[in-house]
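Comments concern the structure below.
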Amino acid sequence: MRGGGVGAAGGGETRWEERVQRAAHPVAYPAVRALRRRPVARIPRVGLVVSDAAIAREVLLDVEHFSKVGPGSPSELWTPILGPSVLLNMEGAEHAAMRRALGPIFAPRAVRELVRDREVVGARGAGSRGQASGGALPEMVARLDAGEAVDLAGVVAAQAGAVICRLVGLSPTDAAVRDSMAAAQAVTGMVRLHRRRLTTSQVVHARRVLGGLTASAREAYRVGDESTVPGRMRGLGLSEHEAMGAVGAFVLTGTETIQSFVPRLLAIAHDTGWMERLLGVDGGVGEPGPGVEASRRGLRHRVVEEALRVTVPSPAMLRSVRADTVVGGQRVRAGDRVVIATVNCCRAVGEFDPDRPADPDVRHLWFGAGPHFCLGMPLAMAQVEAVLDALAPLAATGRRMVVGRRRPAHGVLVPAYRRLWVTLAPEGPGDAW
Ligand code: HEM
């Protein structure tokens with residue numbers, strides 16, 4: 001099927017996305033969406049909610065008046081667990097210096113190494129180089145190729161767990177991957193949108209869980225082996241304390257977002273008829289060659305960006321007001337809280353449509369803007385690319401990637417599918433199930 005942009009196909013995408021969002025936040029999500037036509041709205045006990053992309057960008061770039069440190073900011077949540085200097089609760093010259101120091105961890109080659117699977121195996125039908133042996137993506141490819149249904153949410157969780165293992169300097173064995181994911185989820189699962197802080201017992205528990213995870217990171221740092229991320233951080237001049245904070249921050253910010261996004265991307269591509277173009281089967285025009293490959297990659301990139309825009313895996317950003325000022329015509333005072341409803345800002349443009357020209361105010365707002373712009377974006381994109389690169393050869397064999405049963409996750413911080421089953425169907429109309 002080659003569905004167009006929004007049209008009739010857009011309905012399915014919207015319905016499932018609504019279910020995913022409401023399963024995670026049955027009260028907060030409808031409340032935030034109800035504000036979507038108001039550029040700014042003052043909500044008692046919450047703060048000034050911004051739903052307009054241009055105003056959101058102004059706030060994020062204005063470091064004189066807005067901060068991630070202070071009352072109502074994310075530092076209230078994370079500092080008790082991670083300590084005071086972990087990027088997302090830092091500002092100014094110190095923050096910029098730490099970002100610069102961490103830059104090489106997210107260089108293209110370094111992120112490819114972080115997402116590298118244990119052994120890359122091609123699809124049988126697409127000319128394989130052997131049997132899948134270990135690694136979430138090769139196993140997924142082998143099972144799909146054999147006609148089995150695969151839970152993509154589980155695969156991406158395992159992939160994210162393997163990345164955590166590499167970040168903390170652990171070898172990604174199955175048990176280590178499972179334990180790392182469980183630890184990360186145990187901590188993020190405590191956070192609730194309506195609560196500004198964790199309780200004392202939650203903080204104690206979170207520190208214990210993260211302490212277990214970073215124990216290996218500490219050891220890798222002390223050994224100084226530069227083939228590990230903590231060892232490389234030491235080589236880059238970070239103190240042990242800074243390196244452990246950064247590792248903790250990466251695990252907490254980078255795990256659920258990616259686990260949320262990839263299954264939703266595939267679900268949206270399925271629901272809107274963009275799957276073939278996402279997987280590079282349909283889109284490159286002309287004789288095979290570098291030009292066609294570039295055009296396919298460009299099309300894939302547009303589908304991914306548009307899916308990021310409509311899913312907004314990190315649905316809100318918080319800032320504390322540093323000094324009195326005006327936001328979208330409303331006065332705010334030092335100590336007030338500004339809640340950027342990124343989900344409203346990004347989705348105001350309309351339903352999923354990769355053919356729509358990008359709106360400059362909205363572009364990449366799902367990764368933030370200004371000095372705190374997502375440091376892990378290259379890693380996130382490499383993880384997405386790794387899944388799509390694994391699936392593309394299967395799609396090239398003429399079979400269609402079909403999304404089957406799915407179940408949204410309840411009670412999670414980042415909206416996601418708990419299960420999303422995919423299978424390969426022979427070329428032809430209609431879904432497999
Ligand atoms: C699709 C996936 C992701 C999305 C949508 C996303 C989104 C964001 C957003 C919106 C911010 C800015 C928050 C603010 O200004 O308040 C941010 C910051 C950050 N992200 Fe991501 N993120 C993703 C994946 C990752 C990954 C994989 C990592 C990996 C390590 C990561 C690490 C970080 C860090 C360290 C920061 C804080 C940067 C700073 O404060 O200087 N993110 N992310």
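Whatever order the structure lists ligands and atoms in, that order sets their numbers, starting from 1.
- Atom numbering of ligand 1 starts at 1 in the shown order; those under 4.0 Å from a heavy atom of Lys68 are 13 (C), 14 (C), 15 (O), 16 (O).
- The protein non-hydrogen atom at the shortest distance from atom 36 (C) of ligand 1 is Leu375 N, 4.1 Å.
- Rounding to the nearest 0.5 Å gives a distance of 8.0 Å between CG of Leu265 and CE of Met275.
- For atom 33 (C) of ligand 1, the closest non-hydrogen atom on the protein side is Thr253 OG1, 3.4 Å.
- At a 4.0 Å heavy-atom cut-off, ligand 1 does not touch Ala249 at all.
- For the pair His95 and ligand 1, the shortest N or O to N or O distance falls below 3.5 Å.
- Using a non-hydrogen distance threshold of 4.0 Å, Met377 does not register as a contact of ligand 1.
- Nearest protein heavy-atom neighbour of atom 26 (C) of ligand 1: Gly254 CA, 3.3 Å.
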Considering only distance and modelled atom types, tabulate donor-acceptor pairs under 3.5 Å from the side chains of residues 373-380, sequence neighbours left out.
none

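- For ligand 1 and Phe250, the ligand atoms under 4.0 Å from any heavy atom of the residue are 30 (C), 35 (C).
- Counting atoms of ligand 1 from 1 in the listed order, those under 4.0 Å from a heavy atom of Arg99 are 38 (C), 39 (C), 41 (O).
- In terms of protein heavy atoms, atom 7 (C) of ligand 1 is closest to Trp366 O, 3.5 Å.
- A cation-pi arrangement is absent between Arg22 and Tyr29 under the rule of less than 6.0 angstrom and at most 45 degrees off the ring axis.
- Taken from CE in Met233 to OH in Tyr221, the straight-line distance is 10.0 Å, to the nearest 0.5 Å.
- In this structure, atom 11 (C) of ligand 1 lies nearest to the protein heavy atom Phe367 O, 3.8 Å.
- In terms of N/O distances under 3.5 Å, ligand 1 is not approached by Gln383.
- Distance check, rounded to the nearest 0.5 Å: OG of Ser67 to CZ of Arg319 gives 8.0 Å.
- Ranking protein heavy atoms by distance to atom 21 (Fe) of ligand 1, first place goes to Cys374 SG, 2.3 Å.
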* To do: For the pair Val303 and Phe352, evaluate side chain to side chain contact (heavy atoms under 4.5 Å, CB included) and give the outcome as yes or no after the intermediate values.
  => CA-CA 9 Å; Val303 181; Phe352 178 81; 3.9 Å; yes
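- Note that CD1 of Ile268 is 5.5 Å distant from OG1 of Thr311, once rounded to the nearest 0.5 Å.
- At least one heavy atom of Arg319 sits closer than 4.0 Å to an atom of ligand 1.
- Nearest non-hydrogen protein atom to atom 40 (O) of ligand 1 is His372 ND1, 2.6 Å.
- Taking the six-membered ring for Trp and thresholds of 30 and 60 degrees, His95 and His372 have ring planes inclined between 30 and 60 degrees apart.
- If you take CG on Asp355 and CZ on Arg277, they are separated by 7.0 Å, rounding to the nearest 0.5 Å.
- Asp336 and Arg42 are joined by a salt bridge, as a carboxylate oxygen and a charged side-chain nitrogen come within less than 4.0 angstrom of each other.
- The shortest N/O to N/O separation between Thr257 and ligand 1 does not fall below 3.5 Å.
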